[in-house]
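Because the structure is a prediction, the values reported are computed rather than measured. Worth knowing before you read on, the calculation uses all heavy atoms, side chains too, and leaves out hydrogens, waters and symmetry mates. Residues take their numbers from the sequence shown, with the count starting at 1. In listed order, ligands and their atoms are each counted from 1.
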Amino acid sequence: MSANAHDSATKFRIGATCQELTRAALAAIHAPSVLNTQPWRWRITHDTALLYADQTRRLTVMDPTGRLLVISCGGALHHACVTLAADGVDFEVEPFPGAGDPDLLAVVRYRGVADPSAWAQRLYHAIRARRTDRRPFAGQPVPQEFVDRLCQAAQRTRAHLHMTWARDITDLALAAGQASEALMSDPAYRAELAAWVRRPGEGHDGVPLDTLAPLGTRPVPMRDFTATGLGWGATSRIDLSDREARYGVVVTDGDSPPDWLAAGVTLSAVLLAATSQHLATSPMSDLVEHEVARRTLRRMLGGVGYPAVGVRIGWPGPGEPPPPSPRRPAAEVIQVVADEIKDTEPDTPGKSA
Ligand SMILES: Cc1cc2nc3c(=O)[nH]c(=O)nc-3n(C[C@H](O)[C@H](O)[C@H](O)COP(=O)(O)O)c2cc1C
């Protein structure tokens, strides 16, 4: 909490509105982010929650333009909005309000009370259950009606979900191969990746070793974390073929920061909708990190739109789900600015938090 410079007689309170917004920002801590960088900051004042990009946490090699950073922040924004809607709060979101600060990504304004949304409540319950599951998925196909619900979730957002078909696997595999070749041959990339992989229990960010999985021979290769030199946290005797995985690509109309923010919202909507149906997911951004691979995906999309991030979807494999990845302490990412109580206002204890 911040109370700025005031004399000791000045009184402050955190009102109910501010508490609702803080609860939303707390839920947003659990959003996925590229290499678990959690590159966001929230500032909550009275009836607004301001979402900022934290450029100090940008991956300078993997993400020079900040696209993955903003997508990650879009996921946090969506998590916050789901929480408000589930709690019965009416609100509006203004993306990129300007105000001279390019890192101010969105303002969420409290507008009053609404009927809690059943849809949002389902997604809200998925927030804590969701994990990036890098294990090969089980050998059962995902029925089309489940995929349709993911598309419906994406339709409520501004970016698009392109679910690929079997015929697209060749292009996806080509893009993954091109990405791997370009990225792994870059020592700066390997060093950055290694710097963000953590031993279990180490730190509040980064990708814990025990959430990684053997690569196996998959139809679409996944990001190769072996560059870290730390070895796998988990070994597996399960079928590594991953042949029933489905792949989606979040696609935007343009390729600018507001589009990236929208892509993050869509990614989060798809991930939470999948989790609420007990499907496992893992985002795949290596497919779009290198221009050559991204061009391959664009061609696969018929040149329409800009691929922002991929997502792998399927039934979880046998065994325990991956452990949760750590999160930064709330005090590091959320600043709550208390309201000053005016002299004319009665200091009603029931109104204070
Ligand atoms: C924009 C974005 C890109 C990501 N790219 C990858 C990726 O290429 N490979 C991967 O294994 N996970 C990827 N992830 C998943 C993150 O590594 C994961 O969200 C983070 O480690 C936190 O773990 P959790 O999702 O289990 O909470 C990505 C997530 C986001 C939001």
Check step by step if ring pair (Phe, Tyr, Trp, His ring centres under 6.0 Å) holds for F146 and W315. CA-CA 11 Å; F146 284 69; W315 295 115; 5.2 Å; yes
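- Residues that satisfy the side chain to side chain contact (heavy atoms under 4.5 Å, CB included) test with R294, not counting sequence neighbours, are R67, D255, V288, E291, Y306, P307.
- Taking all atoms of both residues into account, the shortest heavy-atom contact from T157 to A269 is CG2-CB, 3.9 Å.
- For the pair Q335/I44, no side-chain contact is recorded, criterion being any heavy-atom separation below 4.5 Å from C-beta on.
- Here the side chain of E289 pairs no donor or acceptor atom with the backbone of M62 at under 3.5 angstrom.
- Side chain of R130 to backbone of H30: a donor-acceptor contact under 3.5 angstrom is found.
- Using a heavy-atom distance under 4.0 Å as the criterion, the protein contacts of ligand 1 are P32, S33, V34, L35, N36, I71, S72, R130, R131, T132, R134, V207, R223, F225, L267, P283, M284, S285, D286, S325, R327.
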